[in-house]
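Below is one structure; the comments refer to it alone.
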Protein chains: 2
Amino acid sequence: MNRLDRILALLHLLRQGRPVSASGLAQRFEVSVRTIYRDMETLAGMGLPVEPEMGRRGGFRLGPGYFLPPVTLDPEEAVSLLLGLALSRALRVLPFPDGTDMAERKLLAVLPEETRGTLERASRFIGFERVPPDLLHPERDDPQAGGQAAEEESRVVGRFLRAALSRSRLRLSYRSPYRREAEPLREIEPRGIVWDRDRWYLVGDVEVRAGEPRMWRADRVLEMKSGGGMHPTAADFDVSSLLGRRWLGKAMERWRTENPVRVALPAARADVLRRDWYYGHALFEDGPDGRTVMTVGEGEYERVAALLRWLGPGAELLEPAEWRGRLAGELRRMADAYGSREQAARDS
Amino acid sequence: MNRLDRILALLHLLRQGRPVSASGLAQRFEVSVRTIYRDMETLAGMGLPVEPEMGRRGGFRLGPGYFLPPVTLDPEEAVSLLLGLALSRALRVLPFPDGTDMAERKLLAVLPEETRGTLERASRFIGFERVPPDLLHPERDDPQAGGQAAEEESRVVGRFLRAALSRSRLRLSYRSPYRREAEPLREIEPRGIVWDRDRWYLVGDVEVRAGEPRMWRADRVLEMKSGGGMHPTAADFDVSSLLGRRWLGKAMERWRTENPVRVALPAARADVLRRDWYYGHALFEDGPDGRTVMTVGEGEYERVAALLRWLGPGAELLEPAEWRGRLAGELRRMADAYGSREQAARDS
DNA sequence: GGAAAGTATGACATAAACTGTCGCGGTCGA
DNA sequence: TCGACCGCGACAGTTTATGTCATACTTTCC
């Protein structure tokens with residue numbers, strides 16, 4: 001066997017990840033151990049992160065970096081990859097910020113010269129707008145996520161994702177917006193991550209309710225520690241079972257029984273609400289007067305008022321009854337800004 | 001120079017795309033021509049599509065596929081790339097659907113064995129929610145973009161992007177929502193693409209107003225034809241100059257003079273509006289009564305009413321004056337749904 | 001606290017591989 | 001038809017790669 005072929009084969013073997021011993025390789029390639037050592041020197045000289053491991057169960061393995069053997073990529077494929085990176089960056093979908101930068105640089109460095117010129121400026125051709133905040137569904141906390149917070153968030157997501165991929169448990173403590181104190185560290189089995197409205201959510205199994213995954217917003221995770229190995233059970237979970245905001249449906253079911261809010265509204269308005277990512281999961285029923293009755297769970301008056309106001313004429317808050325008067329007063333005050341009833345009659 | 005090094009260097013040179021002659025290479029590496037031929041044989045033997053070109057201006061070059069020489073990618077980099085592809089797919093950002101699929105397959109094929117297994121199922125770990133529609137800023141047309149329409153859209157975007165990268169003109173006809181008939185084919189210089197709220201927009205220069213790029217929504221493009229070569233002018237345009245919805249700012253300036261709508265509102269509410277992707281581009285001034293006065297362009301009563309209703313108590317429509325009465329009547333009708341004024345007083 | 005199995009490195013003779021130089025035959029473009 | 005390129009076989013000369021032996025160090029297992 002050729003030296004070149006042997007070295008390429010070594011590359012291939014090293015790539016597999018398992019550490020290999022010089023003597024084993026020597027047998028395999030029918031050369032002396034010394035030759036293998038010299039080949040390793042050569043590979044290292046080529047810039048490969050070959051790392052020896054001393055001692056009895058030692059061997060050679062690739063360092064933190066794996067090796068990608070020759071592949072042919074046509075320009076469209078390269079553009080697709082770079083485009084994906086640009087998109088990730090624009091939407092701050094960056095579990096591994098360093099990995100993203102490095103991958104982009106390596107990809108660019110390796111492109112045919114003529115294509116590189118244009119692709120280096122790909123970010124000048126392709127722009128992404130951030131997902132706009134939605135006035136009807138505002139966020140509780142500061143909307144201006146600073147650079148540092150974003151970095152911390154992607155650190156959390158990265159670690160969680162790594163754990164999910166390597167099937168190892170994590171212990172995390174969480175700051176729930178509904179509780180005063182931080183939740184204590186609890187051990188979870190990471191299942192996956194979900195990106196929704198400019199934010200990452202961690203999906204995992206808690207021991208108490210196995211099989212019913214819980215979600216944590218990545219920016220509210222306070223602390224993460226490595227946990228034990230994963231149970232071999234629950235092999236095939238698929239986050240797509242949560243998509244379409246199906247998790248929201250379940251949560252709304254619970255809120256609906258705890259804080260039921262009932263609204264009568266015209267059928268046309270109901271159709272619009274049904275298309276909303278949030279109110280689409282409410283319960284819609286035909287009302288007695290030809291209108292639709294929507295039941296949704298909500299504890300805060302202000303949100304309900306905003307919804308009712310948005311719905312406009314023809315919508316009526318049925319429950320909780322004690323908010324009806326308050327809402328009516330508010331609406332009347334809004335109307336009164338335009339003068340008294342008599343004035344209004346003259347105006348129109 | 002080593003043989004190995006020389007062969008790797010040859011790889012590098014071939015990658016550049018320009019055909020290279022054996023004699024040139026022989027001079028460059030200070031070896032005989034014969035050696036170069038032998039090296040080429042070796043490379044071909046390694047599976048490289050080296051293709052000779054006979055005749056006077058011949059030379060060696062790579063075949064139909066471009067060649068990507070060895071790169072080291074660590075798992076995080078590979079995951080970042082695959083993540084970008086997954087994101088592209090989830091958000092239907094696919095200028096090159098085939099390239100995307102192929103790149104993913106090639107990337108997976110080349111990963112270390114143990115990582116591949118888990119990453120092949122990466123889509124099961126990582127989910128992306130579509131950008132939710134915004135109730136306050138609804139879309140005119142059908143919100144249910146069918147699979148076929150999405151495909152057509154990515155075809156349009158792909159072709160436009162290719163044209164932008166290769167600096168060649170396009171002729172396109174467009175269906176404007178503001179005009180009854182389709183716009184005729186007009187020649188444009190593609191500048192770039194912008195993704196906003198789940199949609200692609202094409203950015204280009206029209207001859208009539210050079211330097212002031214126009215935007216077209218990709219799903220409203222009716223027809224595209226290749227145009228002539230690009231003018232060498234306007235070399236460095238950058239779509240990022242349009243981001244932050246700056247184009248919207250200019251458009252709103254125009255609408256503001258055409259259909260001015262003035263609203264007085266509490267400072268706290270103004271702060272919230274300023275963060276909105278749309279109303280953030282309105283004109284905000286301090287009013288005489290301590291409230292803020294916002295001026296925005298809008299021709300449709302219903303949109304203005306929705307905004308005023310959303311703003312709630314303390315907000316008042318100042319202009320157009322003729323809508324004040326209508327709005328007041330509407331608000332009063334909403335309030336009256338909860339009983340007469342006397343009843344309301346009893347309730348609260 | 002060894003023995004075993006691994007890496008790390010130098011020296012040197014030898015075999016293998018690579019290289020240069022011929023030669024001759026194609027192909028293409030001006 | 002010429003010139004500049006690829007294609008390839010043969011052969012001698014030289015470089016390079018390899019095997020062997022010797023020695024030192026590190027870790028793990030018993």
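Naming: A, B, ... by sequence-line order, numbering from 1 per chain. Quick note: numbers below take in every heavy atom, side chains included, and nothing from hydrogens, waters or symmetry partners.
If you take CD1 of B:Ile36 and P of C:dC18, they are 14 Å apart, rounded to a whole angstrom. Atom-to-atom, CG of A:Leu4 to C1' of C:dT19 comes out at 16 Å; the value is rounded to the nearest Å. If you take CG of B:Leu25 and P of C:dG20, they are 13 Å apart, rounded to a whole angstrom.
Note that CG of A:Asp205 is 12.5 Å distant from CD of A:Glu187, once rounded to the nearest 0.5 Å. Within the model, atoms CG of B:Leu25 and CD1 of B:Ile36 stand 5.0 Å from one another, a figure rounded to the nearest 0.5 Å. Taking CG of A:Leu170 as the reference point, atom CZ of A:Arg186 lies at 14.0 Å (rounded to 0.5 Å). Once rounded to the nearest 0.5 Å, the distance linking CG of A:Leu172 with CG of A:Leu202 reads 7.0 Å. Considering CZ of A:Phe60 and CG of A:Leu13, their distance stands at 13.0 Å, rounded to 0.5 Å. Between atom CG of residue B:Leu43 and atom CG of residue B:Leu8 there is a gap of 8.5 Å, rounded to the nearest 0.5 Å.
Inter-residue side-chain proximity for A:Arg3 and A:Ile7 is flagged as met; some heavy-atom pair is nearer than 4.5 Å. At a threshold of 4.5 Å between non-hydrogen side-chain atoms, the residues B:Thr35 and B:Arg6 count as touching. Residues B:Leu161 and B:Trp200 have side chains not in contact (no heavy-atom distance under 4.5 Å, counting atoms from C-beta outward). Counting heavy atoms from C-beta on, the side chains of A:Val221 and A:Phe160 never come closer than 4.5 Å.
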Please enumerate all protein N or O atoms sitting under 3.5 Å from an N or O of nucleotides 1-3 of chain C, with distances to 0.1 Å.
none

Taking N or O atoms only and anything under 3.5 Å, show me the protein contacts with nucleotides 7-9 of chain C, one pair per line.
from, atom 1, to, atom 2, distance (Å)
C:dT7, OP1, A:Ala22, N, 2.8
C:dT7, OP2, A:Ala22, N, 3.4
C:dT7, OP2, A:Tyr37, OH, 2.8
C:dT7, O5', A:Tyr37, OH, 3.3

B/S/- along nucleotides 12-17 of chain C (protein heavy atoms under 4.0 Å) is ------
Check the pair B:Ile188 / B:Trp216 against side-chain contact (heavy atoms from CB on, under 4.5 Å), numbers first and verdict last.
-> CA-CA 11 Å; B:Ile188 58 165; B:Trp216 299 269; 3.7 Å; yes
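Heavy-atom contacts from other residues, nucleotides or ligands closer than 6.0 Å to CZ of A:Arg28 number 12 or fewer.
Here chain B contacts DNA chain D (any atom closer than 4.0 Å to a heavy atom, that is under 4.0 Å), and the contacts span D:dG3 to D:dA17 from 5' to 3'.
Axis angle between the ends of the helix from C:dG1-D:dC30 to C:dA30-D:dT1, five pairs each and rounded to 10 degrees, works out to 50°.
Remark: side-chain polar atoms of A:Arg214 are not paired, donor with acceptor, to backbone N or O of A:Val206 under 3.5 angstrom.
For B:Asn2, the side chain to side chain donor-acceptor pair (under 3.5 Å) test picks out no residue, with sequence neighbours left out.
Salt-bridge check for B:Arg61 with B:Glu51: failed, with every basic side-chain N at 4.0 Å or more from each acidic carboxylate O.
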